[in-house]
Each structure stands twice: as C-alpha cells, then as structure tokens.
Amino acid sequence: MRTLSTPSPALICPQNLHSFQNGRGSSTSSSSITGETVAIVHSPPPTRLTHPLIRLASKHQKDHANIDRMPDQCIIQIFSYLPTNQLCRCAQVCRRWYNLAWDPRLWRTIRLTGETLSVDRALKVLTRRLCQDTPNVCLMLETVIVSGCRRLTDRGLYTIAQCCPELRRLEVSNCYNISNEAVFDVVSLCPNLEHLDVSGCSKVTCISLTREASIKLSPMHGKQISIRFLDMTDCFLLEDEGLHTIAAHCTQLTHLYLRRCIRITDEGLRYIMIYCTSIKELSVSDCRFVSDFGMREIAKLESRLRYLSIAHCGRITDVGIRYIAKYCSKLRYLNARGCEGITDHGVEYLAKNCTKLKSLDIGKCPLVSDIGLEFLALNCFNLKRLSLKSCESITGQGLQIVAANCFDLQMLNVQDCDVSVEALRFVKRHCKRCIIEHTNPAFF
C-alpha cells in the first residue's frame with residue numbers, strides 16, 4: 001500500500017506480471033513486449049531478496065560482488081544511460097537501488113517508447129512520484145520524449161503541461177492522437193519550452209497560446225512563445241493561415257522544418273520571413289506549391305541562413321537559386337534534389353556566391369552537367385558532401401575536376417550516373433577519405 005512516508009515509484013512493464021513474480025522474467029524493455037503495456041505502482045523493494053526460488057549467495061560471494069562495492073556516484077552514472085522504463089525496473093532490485101534510481105539528477109529527462117505503451121497512465125504516475133517534494137510541480141524535469149507512442153492522447157500532454165513548468169524540450173513525433181488544444185496547453189503553461197517536435201502529428205495545424213494564457217501572460221512575455229526549434233514534418237493539414245499564427249507567436253525560431261506540409265505556399269513563407277528573422281535552418285522539402293517567389297522571401301534571411309532544403313519543389317528554377325545565392329552568402333547546406341528546373345546556370349550562381357558551401361545535393365536534376373561541376377570545383381573548395389544521384393548529364397570528366405580541387409570531399413553519391421570505373425578510381429586517389437556511393441559493379 002502506498003503511503004506518504006514511502007512513496008512508490010512507477011514501473012513501466014507488462015500488465016501480466018506472473019513471469020516476473022515466479023523468477024523467470026525477462027529483462028526485455030517494454031517496447032519489445034507484446035500485449036498492453038501499462039504503468040503500475042509498487043512498494044520499495046526489501047533490502048534482501050527472499051523469494052524461495054532464489055538461492056542466496058554465500059558470504060564469500062557477497063563480499064566479492066563488484067556491483068555492491070561500486071560507489072553511489074558510479075551507479076548513478078550507469079543509470080543515466082538507461083531509458084525510463086529500465087530505470088524504473090532497477091528501482092525494484094534492492095532498497096539501495098531504489099533510492100539511487102530516484103536521484104533527481106536522473107529525472108531531468110523522461111523517454112518512453114512503444115506503440116502499446118499506456119503513455120497517459122505512465123506520465124501520470126511518473127509525474128506524481130517526481131512531484132513528491134514539491135506538490136503538484138515537478139521542477140527538475142526538462143525533457144520529455146515520447147516519440148512513436150501512438151496511445152498518447154491530449155490527456156497525457158495536459159499532465160505534462162500542468163506538472164512541468166520548467167519543461168524545455170518536448171518530442172511527440174508520430175503520436176497521431178495529439179490535437180491543437182493539447183499543444184496550446186503545453187506552450188502556454190511551459191514558458192521555457194524551446195524545442196518542440198510534433199512531426200507526424202497530423203491533427204496539429206497550429207502553434208499558439210490558449211486564450212486564457214494570452215490574457216494572463218501578456219505582461220510577462222508579450223504573447224510570445226520561446227520556441228526556437230520547431231519540427232512539423234508530415235503535418236499534412238498545416239496551411240498558410242496556421243503558419244501565419246505560428247510565425248506571429250514564435251518569433252524566436254531559429255530552426256523550422258516543414259517537410260511534406262503539402263498545403264504550404266509562397267504566402268506562408270512570406271509570413272515566416274516577416275516575423276521570424278533569425279532562422280538559420282529551414283526545410284520546405286516536398287512542399288509542391290513553393291516556387292521561385294518563395295525563394296525570394298527566404299532570401300530575406302540573408303547571411304543568417306545556413307541550412308536550406310527545397311528537395312522535390314518542382315516549381316523552383318534557376319531564378320529561385322539565384323535569389324538564394326545572391327543574398328545568402330553564408331549558406332553551408334543546400335538540398336535541391338528533384339528540382340528539375342535547376343541548370344548549370346543556377347549551379348554557377350550558387351558556386352560563385354556561396355563559396356563556403358559544405359554540402360550540396362542536386363540529384364535528379366537532369367539539366368546539371370559537367371559545366372556546373374566545374375564551377376563548383378573552382379569555387380567551393382570546402383565541399384565535403386556532394387550528391388549527384390541520377391544526374392544523367394554528369395560524366396567522369398566532371399567528377400575528376402571536382403576531385404582535383406575538393407580534397408576534403410568525404411561523401412560522393414553518383415548512383416545511376418554514367419561514370420566510368422577510371423573516374424571513380426581517380427576520385428578515390430585524390431579524396432582518400434571519400435565514401436563513394438555508386439551503382440557500377442566493376443568498382444569496389
């Protein structure tokens with residue numbers, strides 16, 4: 001029975017505990033166990049194991065048990081590498097491990113995985129235990145990662161919002177039952193939240209404060225949200241209006257990922273550039289309505305932009321690339337795979353203006369040829385990663401020019417390119433650390 005003097009920790013384990021009670025249980029984590037997984041409550045374990053099937057070690061054996069002689073700090077360090085469910089299991093071993101497993105330093109992060117996990121119950125029990133010293137408030141918890149837990153609902157997020165005011169990082173990717181209201185509660189009640197990952201949460205269409213928070217907290221932070229990292233990949237229902245609301249409330253964004261948000265247009269990007277002027281990394285891959293006009297808006301970030309992904313945005317041409325090249329001179333990473341409107345002229349603009357480029361993907365751009373590679377080789381000497389997959393106009397001559405000038409090249413993708421074995425060997429001789437991805441069976 002749980003009492004105030006001996007609060008029970010939460011154990012994330014299978015609902016059927018018979019195999020654990022008879023001494024034949026497995027140590028497999030909850031994510032690999034079939035059947036429903038729940039959070040249960042148990043009493044602190046006894047100092048010594050008394051099960052009749054467990055043979056107690058002799059005094060000589062106990063004296064030489066290395067784990068017992070380890071100092072508390074070492075055990076805590078080992079525990080710090082365990083996921084939440086395994087850490088809760090360790091609390092069952094003995095009274096010493098029970099006390100060490102609930103050291104506050106181990107509970108800055110909660111990490112739960114598994115499609116069958118009853119996450120709402122688990123979060124409720126865990127936060128209740130962590131709120132023991134500070135009733136109803138868990139001050140040490142800063143990170144919650146429950147990615148892939150399909151049974152997580154708004155109720156679980158509301159528990160986090162109510163109990164964890166110091167939360168800084170929340171990842172709920174691929175949790176399909178999460179809605180806007182739950183996200184609003186979290187960002188409103190956790191003012192220090194900086195990192196939010198809702199990728200794959202198809203019901204999430206906006207990030208904003210609740211109406212009550214907008215009224216109460218406006219003197220504190222002017223209705224602004226402190227999120228800097230936002231991943232909304234695969235949020236298919238996100239539209240320009242929702243993006244407008246996000247931009248207006250999350251003005252401190254530096255990392256924004258909108259991959260496969262297929263309803264986003266150039267107008268949505270215009271809102272982002274009006275409010276979020278500090279963005280360093282931006283991805284609009286597979287946003288098919290983004291065009292050269294959107295690139296003109298993105299170019300307003302100027303030298304602050306370091307990472308840009310526009311893969312499979314079929315409406316982007318050399319015109320859009322020219323905007324980026326002209327104003328974003330400190331760009332380090334560009335993914336333009338599948339942008340079939342890009343030609344050697346676009347690559348030329350890019351190479352001459354973004355000379356610090358380190359990673360470039362122009363795969364499936366059939367109009368890029370050896371001429372474009374020559375401009376890259378003569379201007380971008382720091383290039384480390386280059387993908388030319390399925391570039392039909394690329395030959396071995398272009399690769400040799402790149403290899404002769406870009407000695408730091410570490411990855412080269414020439415799959416489905418008409419490149420000779422001799423050219424691949426030339427690259428390997430000049431770029432010794434380069435890993436070549438190819439489809440030529442004669443080269444190994």
Side-chain angles (χ1 to χ4, degrees), residues 233-234 257 259-260 262 283-288 290 307-318 320-321 324-325 331-351 354 356-444:
T233 299
D234 292 322
Y257 304 95
R259 306 179 188 96
R260 293 181 292 279
I262 55 178
S283 175
V284 290
S285 297
D286 295 282
C287 296
R288 58 191 178 191
V290 172
Y307 171 109
L308 177 63
S309 180
I310 53 174
H312 304 291
C313 294
R315 300 189 180 192
I316 295 177
T317 67
D318 289 341
I321 294 298
I324 298 298
L331 193 67
R332 299 290 191 273
Y333 174 102
L334 176 63
N335 182 0
R337 173 175 293 194
C339 297
E340 297 182 355
I342 297 178
T343 70
D344 290 330
H345 295 294
V347 176
E348 178 183 358
Y349 298 140
L350 190 67
C354 301
K356 296 183 179 181
L357 203 64
K358 293 185 177 181
S359 180
L360 176 64
D361 189 341
I362 47 176
K364 298 183 179 181
C365 295
L367 301 180
V368 175
S369 68
D370 293 343
I371 297 175
L373 290 188
E374 184 174 354
F375 285 115
L376 279 176
L378 298 179
N379 293 277
C380 302
F381 304 110
N382 296 320
L383 201 62
K384 297 182 182 298
R385 301 175 65 88
L386 177 63
S387 178
L388 306 169
K389 182 178 180 180
S390 302
C391 287
E392 303 169 356
S393 304
I394 297 296
T395 68
Q397 182 178 357
L399 290 187
Q400 291 179 2
I401 296 175
V402 171
N405 292 273
C406 303
F407 303 108
D408 293 332
L409 198 64
Q410 298 177 5
M411 193 284 292
L412 176 65
N413 188 340
V414 289
Q415 293 177 336
D416 302 318
C417 295
D418 186 16
V419 178
S420 65
V421 175
E422 290 73 20
L424 295 178
R425 289 174 179 167
F426 184 90
V427 173
K428 200 62 179 176
R429 284 198 304 270
H430 286 75
C431 306
K432 300 186 182 301
R433 296 188 298 170
C434 183
I435 297 175
I436 304 176
E437 299 180 16
H438 62 92
T439 51
N440 193 327
F443 178 75
F444 55 88

Checklist entry - With sequence neighbours excluded, what pairs up with D318 under the salt bridge (charged side-chain N to carboxylate O under 4.0 Å, His left out) test? => result none

Using a 3.5 Å cut-off and no angle test, enumerate the donor-acceptor pairs between side-chain atoms of residues 413-422 and protein atoms at least two apart in sequence or in another chain.
unit_1	atom_1	unit_2	atom_2	d
N413	OD1	Q415	N	3.0
N413	ND2	E437	OE1	3.3
S420	OG	A423	N	3.3

Checklist outcome for this item: One should read off an interatomic distance between R332 CZ and K356 NZ, to the nearest 0.5 angstrom, of 5.0 Å

Next on the checklist: L373 vs I394, test: side chain to side chain contact (heavy atoms under 4.5 Å, CB included). Steps then yes/no.
Outcome noted: CA-CA 8 Å; L373 290 188; I394 297 296; 3.5 Å; yes

Checklist entry - How far does CD1 of I262 sit from CG of D286, to the nearest 0.5 angstrom? => result 9.5 Å

Item to check | NE2/H345: more than 12 non-hydrogen atoms of other groups inside 6.0 Å | outcome: no

Checklist entry - Crowded around K428 NZ? As in, over 12 foreign heavy atoms under 6.0 Å? => result yes

Next on the checklist: If you compare all heavy atoms of R429 against all heavy atoms of K432, which two are closest, and at what distance to 0.1 Å?
Outcome noted: O-NZ, 3.2 Å

Next on the checklist: If I compare all heavy atoms of I310 with all of S285, which pair ends up nearest, and what's the gap?
Outcome noted: N-OG, 4.1 Å

Next on the checklist: side chain to side chain contact (heavy atoms under 4.5 Å, CB included) for I342 and T317? Distances and angles first, verdict last.
Outcome noted: CA-CA 5 Å; I342 297 178; T317 67; over 6 Å; no

Next on the checklist: Could you work out, with side chain to side chain contact (heavy atoms under 4.5 Å, CB included) as the rule, every residue matching T233, not counting sequence neighbours?
Outcome noted: S199, D231, Y257, R259, R260

Next on the checklist: Just to verify, what does E374 make a salt bridge (charged side-chain N to carboxylate O under 4.0 Å, His left out) with, not counting sequence neighbours?
Outcome noted: none

Can you list, pair by pair, the side-chain donor-acceptor contacts under 3.5 Å of residues 399-412, counting residues two or more places apart and other chains?
unit_1	atom_1	unit_2	atom_2	d
N405	ND2	I401	O	2.7

Item to check | L376 side chain near V347 side chain, heavy-atom distance below 4.5 Å | outcome: yes

Checklist entry - Looking only at heavy atoms, what is the nearest atom pair of S283 and Y307, with distance? => result CB-CE2, 4.4 Å

Checklist entry - Has the side chain of K364 got a donor or acceptor atom that lies under 3.5 Å from a matching backbone atom of E340? => result no

Checklist entry - Which distance, rounded to the nearest 0.5 Å, do you find between the SG of C380 and the CG of L357? => result 5.0 Å

Atom pairs and distances, side-chain donor-acceptor, residues 384-391, under 3.5 Å, sequence neighbours left out:
unit_1	atom_1	unit_2	atom_2	d
S387	OG	R337	NH2	2.9
S387	OG	D361	OD1	3.3

Next on the checklist: Using 0.5 Å steps for rounding, measure from the OG atom of S393 to the CG atom of D370.
Outcome noted: 8.5 Å

Checklist entry - Can you tell me if CG on L378 sees more than 12 non-hydrogen neighbours from other groups inside 6.0 Å? => result yes

Checklist entry - Which value, rounded to the nearest 0.5 Å, describes the distance between S359 atom OG and N382 atom CG? => result 12.5 Å

Checklist entry - In Å and rounded to the nearest 0.5 Å, what is the CG to CG distance from N379 to L350? => result 10.0 Å

